[in-house]
Protein chains: 2
Amino acid sequence: MTNIHDIARLSGYSVSTVSRVINHQKYVADDKRAKVEKIMHDLDYVPNRVARDLSKGQTKTIGVVLPYANHPYFARVIDGIVTAAFEAGYKITLLPTNYDMTIERQYLDQLRSKAYDGLIFTSRSSQLETLERYRKYGQIVCCEDPGEGRPLAAAYTDRLASFVSALTWAKQHGYRKMGVVLSRNNVISASTRMTRQAYEQVFGHLDDRDLFTGAVKYEDGYRAGGYFSQLQLAEDAIFANGDDIAAGVQQYYLDHGLAPIPVIGQENLLSSRLLKFSTIDHHLEALGQAAFRLATGQSTTHELIKSEFIKR
Amino acid sequence: MTNIHDIARLSGYSVSTVSRVINHQKYVADDKRAKVEKIMHDLDYVPNRVARDLSKGQTKTIGVVLPYANHPYFARVIDGIVTAAFEAGYKITLLPTNYDMTIERQYLDQLRSKAYDGLIFTSRSSQLETLERYRKYGQIVCCEDPGEGRPLAAAYTDRLASFVSALTWAKQHGYRKMGVVLSRNNVISASTRMTRQAYEQVFGHLDDRDLFTGAVKYEDGYRAGGYFSQLQLAEDAIFANGDDIAAGVQQYYLDHGLAPIPVIGQENLLSSRLLKFSTIDHHLEALGQAAFRLATGQSTTHELIKSEFIKR
DNA sequence: ATAATTTATGAAACCGGTCCCAGGTCAACC
DNA sequence: GGTTGACCTGGGACCGGTTTCATAAATTAT
């Protein structure tokens with residue numbers, strides 16, 4: 001494989017000069033530039049990207065940590081990230097964790113090893129403190145509100161506000177009690193925390209029996225439908241952590257000849273449009289774009305993306 | 001930032017020995033190994049990934065070329081690729097092209113520059129010959145049947161067979177003529193070629209007026225619905241290049257009070273389950289996994305993934 | 001006891017670039 | 001005429017690892 005030294009030798013000039021030509025720097029005489037370019041072209045030479053990255057100490061690559069690749073939530077965020085990265089000439093590497101802390105730690109160590117210039121945590125299992133500890137090895141962006149004074153860049157949606165307005169709207173519609181579907185029932189998940197908080201603000205105490213957890217996709221929603229319909233707790237409606245999940249709930253009631261149950265979903269996916277139920281659009285592409293911008297910067301700014309409650 | 005030379009100096013041993021410890025090679029005395037490990041641990045040392053990549057001449061990274069990131073077809077393929085890559089300890093970089101040949105070429109040049117060990121083309125705009133020319137710089141996998149004797153690895157679904165069986169089934173159901181929705185109406189797109197071929201095999205000549213092109217997502221399907229409904233060509237049903245698109249077609253008819261139109265979609269997405277129309281599941285995760293395996297191998301094998309027609 | 005292996009270690013070349021710095025030319029300016 | 005500064009060029013350290021090779025000690029085989 002031909003390298004910069006070959007080009008230098010063949011052109012009769014120095015490696016420095018060739019490097020200047022490659023990088024379109026000034027202070028190269030026109031004739032020499034032309035000659036070097038011709039030789040590079042004739043030899044079909046392309047500079048080695050890895051060598052450049054090593055020398056420069058940066059890879060122009062951002063790692064995106066996410067639990068699973070094929071999930072509409074993350075697909076939308078990734079879309080935003082990839083779009084912004086493409087425009088900025090950055091590459092995006094996908095880092096699936098399946099919510100395994102050990103694997104998250106591996107990715108943090110890869111950041112230390114200079115494999116990425118920065119990391120975006122679209123979701124996390126590790127403590128915020130852990131992420132902060134790795135902050136010195138590169139930019140780290142999280143997609144939730146880390147709280148005031150945290151030395152982490154963050155892009156997040158105003159979940160609480162949108163949840164409150166959605167639930168308030170539901171209450172005004174006469175729903176006395178709602179069932180809630182969540183993914184992870186733990187304190188790490190910002191979505192879970194905000195949902196509980198909004199629920200209690202609007203409806204009061206959230207009984208654990210009105211809660212179905214572990215829902216990630218349609219089938220889980222379907223199971224949640226089974227759960228809520230068998231329960232005799234008389235939820236008037238269901239607030240789900242995703243449109244596909246909400247669709248699953250509704251479908252269960254439909255399949256079993258039960259009275260249709262109103263649902264509110266999230267993400268404004270196709271399913272909510274087809275079944276015409278209300279949803280919250282968190283503008284995840286914008287979230288992804290903001291996260292990317294933060295990942296390439298130095299600041300620890302917090303950026304808020306407005307969520308939008310869509311009544312149907 | 002501490003490097004391998006620091007560890008060598010502090011431990012009193014040579015860089016070679018430290019390297020052996022890092023890579024768990026044999027021929028290091030137990031006591032020295034322990035001492036080196038202790039020092040690495042104390043200094044919180046992590047070997048630089050880029051330096052290793054440069055030295056080894058491989059990055060353990062596969063680039064995935066795709067038109068757009070947020071599309072259910074590619075999301076499923078990516079899911080398969082990422083899953084397989086994770087297990088194999090490889091990284092996946094997303095390379096969006098928006099079907100721009102110039103950009104595809106850039107990614108091919110990045111392969112030359114050793115930025116990736118291999119490239120997977122989930123879709124392409126360039127000629128196959130172009131891809132083949134870059135074959136010598138790394139493994140290249142395409143997701144379509146490149147034909148016999150082509151020096152390219154390939155993983156693809158038996159589109160033609162599944163299309164024929166779907167259309168045959170439709171014909172047996174009494175549909176005399178079907179409208180067809182496609183994304184790109186050109187000879188590069190394998191999906192387009194196979195669709196035309198299957199249609200002509202089952203229904204005979206495909207009139208251009210029965211064809212709606214440029215459909216990528218739900219809204220495009222909706223527009224296609226408008227097109228077909230206004231046309232007085234009496235298509236009995238629509239064969240679409242994706243479930244979400246098929247759903248759009250149906251939704252248009254529904255919204256405008258027209259008689260429901262049967263549709264056949266593709267990918268077995270949620271929309272087809274919710275609206276209960278037939279679809280073809282191309283098992284895209286399996287496709288992605290196969291593509292990844294090929295990308296890390298040396299062979300130019302062709303791997304066929306069976307598609308499945310799901311009648312509803 | 002000697003030959004043949006296996007084990008252990010370090011020096012140094014190598015991967016392929018970037019970039020600082022030193023040195024030289026030449027026109028402009030005071 | 002001397003200083004200044006822009007322009008041009010090359011040497012070589014540097015980024016941080018891997019790997020080949022030479023050397024030597026410790027085992028094992030004959």
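Computed from a predicted model, the values in this text were never measured in an experiment. The basis for the numbers below is simple: all heavy atoms, side chains too, and nothing from hydrogens, waters or symmetry mates. Numbers restart at 1 for each chain; the letters A, B, ... are given by sequence-line order, proteins then strands.
When the P atom of D:dC14 is taken as reference, atom CE of B:M1 falls 18 Å away, rounded to whole Å. B:R52 places its CZ atom 16 Å from the C1' atom of D:dC15, with the value rounded to the nearest Å. What separates CZ of B:R20 from P of D:dT19 is a distance of 11 Å, to the nearest Å. What separates OH of A:Y13 from C1' of D:dC8 is a distance of 12 Å, to the nearest Å. The interatomic distance linking A:H5 (NE2) with D:dG10 (C1') rounds to 12 Å, in whole Å. One atom, CD1 of A:I4, and another, C1' of D:dC15, lie 14 Å apart when rounded to the nearest Å. In this entry the distance linking CG of B:L54 with P of D:dG17 reads 12 Å, nearest Å. A:K26 places its NZ atom 8 Å from the P atom of D:dA6, with the value rounded to the nearest Å.
A sub-4.0 Å separation between OP1 or OP2 of D:dT9 and a side-chain N or O of A:K32 is present.
Comparing B:T17 and A:A51 against DNA chain C, the residue whose closest nucleotide sits nearer the 5' end is B:T17. Position along DNA chain D of the nearest nucleotide to A:Y27 versus B:S55 favours A:Y27 as the more 5'-ward residue.
No salt bridge links A:E144 with A:R159; every basic N to acidic carboxylate O contact stays at or beyond 4.0 Å. We find that A:E129 and A:R135 are not joined by a salt bridge, their nearest charged nitrogen and carboxylate oxygen being 4.0 Å or further apart. A salt bridge is absent between B:R293 and B:E87; no separation between the charged side-chain nitrogens and carboxylate oxygens falls under 4.0 Å. Look at A:R112 and B:D44 and you find a salt bridge, because one of the NZ, NE, NH1 or NH2 atoms lies within 4.0 Å of a carboxylate O, short of that distance. One finds a salt bridge joining A:D6 and A:R9 here, because a Lys/Arg side-chain nitrogen approaches an Asp/Glu carboxylate oxygen to under 4.0 Å. Of the charged side-chain nitrogens involved, none lies within less than 4.0 Å of a carboxylate oxygen, so that B:R105 and B:D109 do not count as a salt-bridged pair. A salt bridge links B:D42 to B:K38: one of the charged nitrogens lies within less than 4.0 Å of a carboxylate oxygen.
Nearest nucleotide to the A:S16 side chain, out of D:dT9, D:dG12, D:dG17: D:dG12. The side chain of B:K56 has D:dT19 as its nearest neighbour among D:dG10, D:dT19, D:dG17.
Residue A:D53 is classed as having no contact, given no heavy-atom separation below 4.0 Å to the nucleic acid. Within the nucleic acid shown, B:V15 comes within 4.0 Å of at least one base atom, counting heavy atoms only. When heavy atoms are screened at a 4.0 angstrom cut-off, A:R49 is found touching no nucleic acid atom at all.
When DNA chain C is scanned 5' to 3' for any atom under 4.0 Å from a heavy atom of chain A, the first and last hits are C:dG16 to C:dC19.
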